[in-house]
Amino acid sequence: MSQSFDVAVIGAGPGGYVAAIRCAQLGLNTVCIDEWKNPQGKPSLGGTCLNVGCIPSKALLESSENYERAAHKFSSHGIQVEALSVDIPVMMSRKEKIVANFTGGVAMLLKKNKVASMHGRGTLLKRDQENRASALWQIEVTNADSVQTIEAKHVIIATGSTPRTLALAPVDNERILDNTGALNLTEAPRRLAVIGGGVIGLEMGSLWRRLGSEVTILEALPGFLTAADEQVAKEARKIFTRETGLVIHTGIKISGITTDEQSIKVEYADVDGNAQKLEVDKVIVAVGRMPNTVGLGAEDTGLKLDERGYVEVDANCRTSLPDVYAVGDVVRGPMLAHKASEEGVAVAERIAGQPGHVNLDAIPWVIYTSPEIAWVGKSEQQLKSAGIQYKAGQFPFMANGRARALGETGGFVKVLADANTDRILGIHMIGPYVSELIAEAVVAMEFAASSEDIARIVHAHPSLSEVLHEAALGVEKRAIHI
Ligand code: FAD
Ligand code: NAI
């Protein structure tokens, strides 16, 4: 007889494993099915985020930032470093230890919460639609050793995403790399092309630039970082070009990539349509990600996918099938780990009869470049195109004591508030540690704060948070230090 569960979660990324733990906390008998294997061929929980995404990329960004500081910034503090060198294999093994620690940690958390864990590909089979009250979904779990069928009353699909491919640039993870290959190099390529100037392109481009590569970013769109507020994107492009040393070409169209023993030649048309050729040693392809629905059983069960292949869901993450939910990268909305996890929690709570909720309008974005970029809510261009009247307050890190002490003075914080009600509509940041500062902005937006609320809150001195305080004061033109 098949094993029977209240909830089967397919996928153990930050959407799936968090949903499974929350289900178990709420007393639901839960199984989490995942097919990820690490390079040693062992099951490894945590999905993209822990294995080849958020965690390894941030580990390497931190290491490379330390090297950059020692090479270029320590001397202004009077610290001289003689014969500085970098050992990239050591850096990689540090990253791998962090990953192994976290992926093993997820396995322990599932065990501690009594979530059953199954390794293999989960495929949703048909269920008896006539008899809904007693009907259970059948899920086939296939791995190298066995094919098992389990059954569950509720299913949460959390199968995540994989890199979008470019026919012209087939990834081999030796010379043409996706995010997995880009996080595994054992030496810095002398010349590196990054196709796609989005979040991964900028983070990976910064990482390898700091470790010594000449990096050229080739972005198809004429604009730069179009997801961000225009003013932030403009400031970022200026700093990345002048200080970070990234070469950024926007509005390009790749026409061919040829490889020979010496190099890789990337041919493209520039923004004016002129043919260009770039010779490099490695290429990173980072042109977006696609939802993982292949082999999930969508065709046989009638699970509705949208025109781009995402599982179609309503505001409560309900799919077209009864008692089947989907969360994270495989559904609409930003492809971010914290968004996936919060959707997982909300769905678990709904299954348990509670009112779970995720506010997609208050999801923070962070790009871990140097300086970092972070935002929540609407950008100026979004407010303008929606015809919403707003006021803006802005304050630079240059005028902040803590930023001066850190020696990280580039960037600013901008607060956008409704012109009539003063309710905060968006907060945009570029500067040091804004990945941490954005939390205050998210809390403010979730509590429907006005710019005056932030302006009247006491912020510690000297701290980077004073930049947000002054930007909020700036909405009514009463910033003090500018
Ligand atoms: P995933 O993490 O993709 O997990 C899905 C899991 O399901 C995988 O283990 C997969 O193997 C498994 N699976 C798929 N199909 C099946 C099946 N049929 N049966 C069984 N298992 C299956 N986000 C951030 O918020 N912050 C960051 O700093 C950040 N950095 C990133 C850096 C990189 C290089 C990349 C690539 C991504 C980054 N992201 C970041 C995005 C983040 O990783 C994703 O948004 C997040 O992992 C999505 O979580 P998920 O649970 O929806 O899917
Ligand atoms: P992305 O959508 O951020 O950027 C892809 C870029 O590639 C776009 O600017 C697009 O215009 C460009 N592009 C597409 N086709 C192209 C082509 N043929 N030639 C040149 N450029 C082309 O996607 P990316 O960087 O792959 O990252 C995927 C997702 O992963 C992100 O959107 C984000 O959700 C998540 N992520 C989040 C991070 C974070 O939170 N710090 C870090 C890394 C990834």
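Whatever order the structure lists ligands and atoms in, that order sets their numbers, starting from 1.
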Geometric N/O contact [X] with ligand 1, under 3.5 angstrom:
{"X": "Leu336", "answer": "yes"}
{"X": "Thr48", "answer": "yes"}
{"X": "Gly328", "answer": "no"}
{"X": "Glu35", "answer": "yes"}
{"X": "Val52", "answer": "no"}
{"X": "Val330", "answer": "no"}
{"X": "Asn292", "answer": "no"}
{"X": "Gly15", "answer": "yes"}

Aromatic plane relationship, Phe224 with Phe240 - under 30° parallel, 30 to 60° tilted, over 60° perpendicular: perpendicular
Side-chain heavy atoms of Ser57 within contact of Tyr368, under 4.5 Å: no
Shortest reach to [atom] by a heavy atom, considering only [options]:
{"atom": "atom 15 (N) of ligand 2", "options": "His249, Arg164, Lys58", "answer": "Arg164"}
{"atom": "atom 7 (O) of ligand 2", "options": "Cys49, Gly53, Gly196", "answer": "Gly196"}
{"atom": "atom 44 (C) of ligand 2", "options": "Ile195, Ile200, Asp178", "answer": "Ile200"}
{"atom": "atom 17 (C) of ligand 2", "options": "Val287, Val194, Ile217, Thr48", "answer": "Val287"}

Find all atoms of ligand 2 within a distance of less than 4.0 Å from any non-hydrogen atom belonging to [X], and give their numbers and elements.
{"X": "Leu166", "value": "18 (N)"}
{"X": "Leu218", "value": "20 (C), 21 (N)"}
{"X": "Met335", "value": "33 (C), 34 (O), 35 (C)"}
{"X": "Gly288", "value": "5 (C), 23 (O), 24 (P), 26 (O)"}
{"X": "Tyr368", "value": "41 (N)"}
{"X": "Val366", "value": "39 (C), 40 (O), 41 (N)"}
{"X": "Leu221", "value": "11 (O)"}

Hey, which atoms in ligand 1 end up nearer than 4.0 Å to a heavy atom of [X]?
{"X": "Ala158", "answer": "5 (C), 6 (C), 7 (O)"}
{"X": "Arg289", "answer": "36 (C)"}
{"X": "Gly120", "answer": "19 (N), 20 (C)"}

In this structure, does ligand 1 have an atom that sits under 4.0 Å from one of the heavy atoms of [X]?
{"X": "Tyr368", "answer": "yes"}
{"X": "Ile200", "answer": "yes"}
{"X": "Gly295", "answer": "no"}

Main-chain N/O of Ala403 paired with Glu408 side-chain donor or acceptor, under 3.5 Å: no
Any donor-acceptor N/O pair, Ser63 side chain to Ala59 backbone, under 3.5 Å: yes
With Asp229, the salt bridge (charged side-chain N to carboxylate O under 4.0 Å, His left out) member among Lys384, Lys378, Lys414, Lys234: Lys414
Identify the closest protein heavy atom to [atom]: which residue and atom is it, and at what distance?
{"atom": "atom 44 (C) of ligand 1", "result": "Asp329 OD2, 3.3 Å"}
{"atom": "atom 38 (C) of ligand 1", "result": "Cys54 N, 3.9 Å"}
{"atom": "atom 53 (O) of ligand 1", "result": "Gly160 CA, 3.1 Å"}

Rounded to the nearest 0.5 Å, what separation is found between the [atom1] atom of [X] and the [atom2] atom of [Y]?
{"X": "Ile284", "Y": "Leu183", "atom1": "CD1", "atom2": "CG", "value": "8.0 Å"}
{"X": "Ile373", "Y": "Ile430", "atom1": "CD1", "atom2": "CD1", "value": "4.5 Å"}
{"X": "Ile363", "Y": "Trp375", "atom1": "CD1", "atom2": "CH2", "value": "12.5 Å"}
{"X": "Leu192", "Y": "Leu211", "atom1": "CG", "atom2": "CG", "value": "11.0 Å"}

Residues Asn173, Asp178; criterion side chain to side chain donor-acceptor pair (under 3.5 Å); working and verdict: CA-CA 7 Å; Asn173 272 334; Asp178 60 16; 3.1 Å; yes
Glu203 vs Ile367, side chain to side chain contact (heavy atoms under 4.5 Å, CB included): CA-CA, chis, key distance, verdict: CA-CA 7 Å; Glu203 290 189 356; Ile367 307 179; 4.1 Å; yes
Under-4.0 Å heavy-atom contact with ligand 2, by part of Glu203 that carries it: side chain
Test of proximity, Leu336 against ligand 2: N or O pairs below 3.5 Å: no
Ligand 1-proximal atoms of [X], by part, heavy-atom distance under 4.0 Å:
{"X": "Thr123", "value": "neither"}
{"X": "Ala340", "value": "side chain"}
{"X": "Cys49", "value": "both"}
{"X": "Ser161", "value": "backbone"}
{"X": "Lys58", "value": "side chain"}
{"X": "Ile10", "value": "side chain"}

No-hydrogen, no-angle side-chain donor-acceptor test under 3.5 Å, Glu140 and Thr149: no
Ionic contact status for [Y] with [X], cut-off 4.0 Å:
{"X": "Glu62", "Y": "Lys58", "answer": "no"}
{"X": "Asp6", "Y": "Lys153", "answer": "no"}
{"X": "Arg332", "Y": "Asp306", "answer": "no"}

Min heavy-atom dist Pro334 to ligand 2 below 4.0 Å: no
